[in-house]
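Every chain is numbered from 1, with letters handed out A, B, ... down the list of sequences.
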Protein chains: 2
Amino acid sequence: MTAQGTDSPEHCLTHTPSRPSSAGAGAGVLTVLFSVFQPVSHETLEADVEDEGPAQAADSSNPGDGLPQYRLSEIKNHGPKSSRPWVIFEDKVYDITDWIPAHPGGEVILRAAGGSIEPYWDIFAIHKTPYVREILQQFVVGKIHPDDLEDGRPRMNDIEDPFVSDPTRDPRLRQITAKPCNAETAGEDLAEAFLTPNEVFYVRNHMWVPVIEDTAADAHGITIELPDGDVKTYTVHDLKAKFKQYSVTAVLQCSGNRRRDMTEHANKTNGLQWGPGAISCAKWEGVRLRDVLKDAGLPLDDLPEDAQHVQFSGLEAYGASIPIHSALDPRGDVLLAFKMNDLPLPRDHGFPVRVIVPGTVAARCVKWVSKIVVSDEESDTSWQRRDYKCFGPNETRDLDWDKYKSIQEMPITSAITRARKKSADGNHVEVEGYAYSGGGHEIQRVDVSLDGGKTWDQASLVDDSEQDSGSKAWSWKRWRYEGALPTTTEAAAFVVKATDDAYNTQPQCYKSIYNLRGNLATAWHRVEFDPRKEKGCADS
Amino acid sequence: MTAQGTDSPEHCLTHTPSRPSSAGAGAGVLTVLFSVFQPVSHETLEADVEDEGPAQAADSSNPGDGLPQYRLSEIKNHGPKSSRPWVIFEDKVYDITDWIPAHPGGEVILRAAGGSIEPYWDIFAIHKTPYVREILQQFVVGKIHPDDLEDGRPRMNDIEDPFVSDPTRDPRLRQITAKPCNAETAGEDLAEAFLTPNEVFYVRNHMWVPVIEDTAADAHGITIELPDGDVKTYTVHDLKAKFKQYSVTAVLQCSGNRRRDMTEHANKTNGLQWGPGAISCAKWEGVRLRDVLKDAGLPLDDLPEDAQHVQFSGLEAYGASIPIHSALDPRGDVLLAFKMNDLPLPRDHGFPVRVIVPGTVAARCVKWVSKIVVSDEESDTSWQRRDYKCFGPNETRDLDWDKYKSIQEMPITSAITRARKKSADGNHVEVEGYAYSGGGHEIQRVDVSLDGGKTWDQASLVDDSEQDSGSKAWSWKRWRYEGALPTTTEAAAFVVKATDDAYNTQPQCYKSIYNLRGNLATAWHRVEFDPRKEKGCADS
């Protein structure tokens, strides 16, 4: 069924033969429609929208006139499994059957079928443009019955909350956003243990948490697609039965860790305002991606030229990719992981299986992974091609998104997680924190200053004796320093900077590394400490 | 022949049964005797000298009394190939036959046989201690005939200059030291070409240049020693005939590049005061070390546990090592190279064969390589275990040399090599330079400031279209920037900083990365520019 019975100029404009009903037709708008939930600046968005003449504001048309009326209960029957899925937007009903093949985000749109699409547009905010509304208007089939409307909108208790099945989170996590859940590990918890306990491991979700029952975990399938078109599917059960399992201790870190500091010390940034707790360390267990790709038929010793990237898709429709050489490096330890700190993966961390790419930004470690494609291109999601890049401090407008590479290997960083008085007079303090460098680089040295960076001393590396159960140094080093406060100031400024075994070190100031998205805020970490208080935390 | 006929207490002290005559006896002093020619600070040296009671000053003894006298012409007969090699020190003659097996530097000591050891101690300055003199005194056999002395010392024209056979250098090279030759590439030459011409490629010699005639090059042998004791020797001819040859474009950079800047902007540093020209880029051709080690019998897929490091020794007795995984990484492109920019290796650069470890400090790329040992330890030279490490800014005394890892992979750096007026009024300038990061990391972005770091813009990457003929980005990116000078200042300060694909960037100031040895002076490079002049160079 398609929208009929209107002949307004607006509809003429969109009812052309170019009406999207195939993947081909949708390709042109792919970069516009499917992006992260975080707001995208108006300038950048406009630059990418194809010029199809002046955009028509949805409000200016009246496509609902004369349309049939439907009750919410009727609409519910057009759910994800129906032959003709419908969605609601404001007071209208749309049949999206013909749009699904062209939808850049794929079948994830079916999550909304039978109900309102608005909660999903709240997640994928990039949809909130006249251009996207225009596409939707092509598929209008009716309007909501007035008895199911309240102030002109569908009654909310009949709209499903996409996050209704999300797990309950530990109250010790410091919540940044609730829906989707983004929550960082508290300073105390970062300082306490080498392996972050699962329940306080930071959570970075782009969407809802997919629901897979425990009993269905082994049947969960991962489809592998090779450049020659060969497709093979392994269930979790297959993977566990067929391949040797490995254990790797590795840090995961969000590229936005400490973004809040960049905002405070440099300029406004676009993204979740994390403190220093968007990082944690765990022991991961699973099978090697390399072994699975080899078994699936990828010739590792004679790679085809179009095997350049390995793309991962998660059940919730998140997607990202890593370079083929990262995926295949025998010392890269890339896993399809089932376990985290000796327990099955918690739902928030990808149950029943996620990708772990040690030394690489967590945004590539796709959770709830269901599809792996070996391709000549990076994943085409905005999470791959836009969100995780660093432009220069001055590059804030008219960005050429292809100019820089996607963040993969993480640069060196460190942070203060806890500071405490060690003597009654408050002049002697203990400062603790972590230091981490990506790419398997081991931390060599942690320099600490109690006087704002004037003089330095070296912290003890607490985790120096911890065994990394992997081929390289994928984990962090927590550090501890005790010293006397400088006598000349009332409030002291503690600063930390680390150096890795390639002798890379951290930049001094946020301003010099400022980027619009606030990625990789790795400047020296500075915490003001008032000796009149018992203790101070980076996140307090 | 050994020293006889004295019974002074000093001689009793040294004529004990512990007189070194085997490798075992020499092991204890190994770290003291064999080091770089650069001066070692008194504090650090003393800390490592074994406590054998108060050191006896050579001057206070009189070991020459009653000794036979020898003419310089007689001494010359006790050269490197004689059965009893002698050396001269001051006015005495020493038979070093029994010391050679215990000498930590090995047979390089024979270079001095038949003549004076003093020019070599000028190179290996660590020998200039009472402790080393004490060892030498055990081997005194005579004194120089008074007719061959001038002011109590042997006549200099009879002493061979170890550098007499060194090649002539291109006058465009900026000489830091003449003997050994250390000379940097001029800013103009760095700016001019992607591949630095051989004749202006920077020279970093620790000693003299070994002499191998062109006709003897193919017969030059490299001995490979495996952990199980197996030894195999390949001539250059064998290597060329047996193994596939590869070509790799790679930067070599001294860890002391820009040390002069650290000295100027932070504090005194101990080492050659290089400007920004201790770096160059060339195309190297040779065989893969990995292939040779495999052929020699090293089981690559089942490495023995004691295969941890690959040690290289050069003909002039320089030595260094790299981790086994660097040596064997199929994408590491480590070569035994015969050619440089399509020509046979110049003598200054290792003729007939040198090691090339792309992405790694040039100090590991041993020239004139003659021996390769796969071992459970790093090379025991000071070049491996001391000289190329970075301690913290505050760590200037009582150093624990094992605390930090030897420099291998190079951190990111950049420099300005040339700045020129582009308009008659001098308000428009062109600034050029290079950016490089080790470990195969590609340069992403070069930020340039014409106002001392207040505002930034991006330079064009000149070498973006250059093909790296290797597995990773081993070469540099030269960059160019044109812009208007700020109107508010008479003299402008140009600053550059670069970012690589792991988004590591450079530290802002030298003070924060200051280390006693002045290694890795990678802070933002800053050049003052006077618009009243036509042009300015980083090294002018």
Side-chain angles (χ1 to χ4, degrees), chain A residues 255 301 325 329-331 359-361 388-395 403-412 437-442 444-449 453-458 471-472 495 497 499-509 511-515 519-520 522-524, chain B residues 255 301 325 328-331 359-361 388-395 403-412 437-439 441-442 444-449 453-458 471-472 495 497 499-509 511-515 519-520 522-524:
Chain A
S255 79
D301 293 328
H325 291 298
D329 183 356
R331 302 188 67 236
T360 289
V361 64
Y388 297 101
K389 298 192 173 189
C390 290
F391 284 77
N394 52 299
E395 295 181 289
K403 191 173 175 189
Y404 302 123
K405 281 191 179 176
S406 305
I407 298 170
Q408 297 279 355
E409 186 178 319
M410 296 296 270
I412 185 164
S437 186
H441 286 295
E442 189 175 281
Q444 283 292 292
R445 213 178 74 217
V446 172
D447 298 336
V448 175
S449 173
K454 285 192 207 77
T455 62
W456 299 94
D457 199 358
Q458 281 65 50
S471 302
K472 299 184 188 174
V495 188
K497 65 184 171 81
T499 303
D500 69 15
D501 60 6
Y503 286 93
N504 271 305
T505 185
Q506 299 172 236
Q508 185 167 343
C509 302
K511 275 187 183 159
S512 71
I513 52 166
Y514 173 75
N515 61 92
N519 283 320
L520 306 176
T522 59
W524 298 357
Chain B
S255 78
D301 293 328
H325 290 299
L328 300 184
D329 183 357
R331 302 188 67 237
T360 289
V361 64
Y388 297 101
K389 298 191 172 188
C390 290
F391 285 77
N394 53 298
E395 295 180 289
K403 191 173 175 189
Y404 302 123
K405 281 191 179 176
S406 306
I407 298 169
Q408 298 279 356
E409 186 178 320
M410 296 295 270
I412 184 165
S437 187
H441 286 296
E442 190 174 280
Q444 282 293 290
R445 213 179 73 217
V446 172
D447 297 337
V448 176
S449 172
K454 285 190 208 77
T455 62
W456 299 94
D457 199 359
Q458 281 65 49
S471 303
K472 299 184 187 174
V495 188
K497 64 182 171 81
T499 302
D500 69 16
D501 60 6
Y503 286 93
N504 271 306
T505 184
Q506 299 171 237
Q508 185 166 342
C509 302
K511 275 187 184 160
S512 71
I513 52 165
Y514 173 76
N515 61 94
N519 283 320
L520 305 176
T522 59
W524 297 359

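Expressed to the nearest 0.5 Å, how far CD of B:Glu409 lies from CG of A:Asp501 amounts to 7.0 Å.
Comparing B:Asn394, B:Thr505, B:Asp457 by heavy-atom pairs within less than 4.5 Å of chain A, the highest count is held by B:Asn394. The most heavy-atom pairs under 4.5 Å with chain A, out of B:Arg445, B:Met410, B:Lys497, B:Gln508, come from B:Arg445. Annotation: maximal heavy-atom pairing with chain B below 4.5 Å, among A:Gly438, A:Gly392, A:Pro507, occurs at A:Gly392.
The backbone N or O of B:His325 sits nowhere less than 3.5 Å from a side-chain atom of A:Arg331 that would complete a donor-acceptor pair. With hydrogens and angles ignored, the 3.5 Å screen pairs a side-chain donor or acceptor of B:Asn504 with a backbone N or O of A:Ile412. Between the side chain of A:Lys405 and the backbone N or O of B:Glu442 there is no donor-acceptor pair closer than 3.5 Å.
Considering only heavy atoms from C-beta on, B:Asp447 comes within 4.5 Å of A:Pro393 through its side chain. At a threshold of 4.5 Å between non-hydrogen side-chain atoms, the residues B:Tyr503 and A:Ser255 do not count as touching.
Residue A:Lys511: no heavy atom, backbone or side chain, is found under 4.5 Å from chain B.
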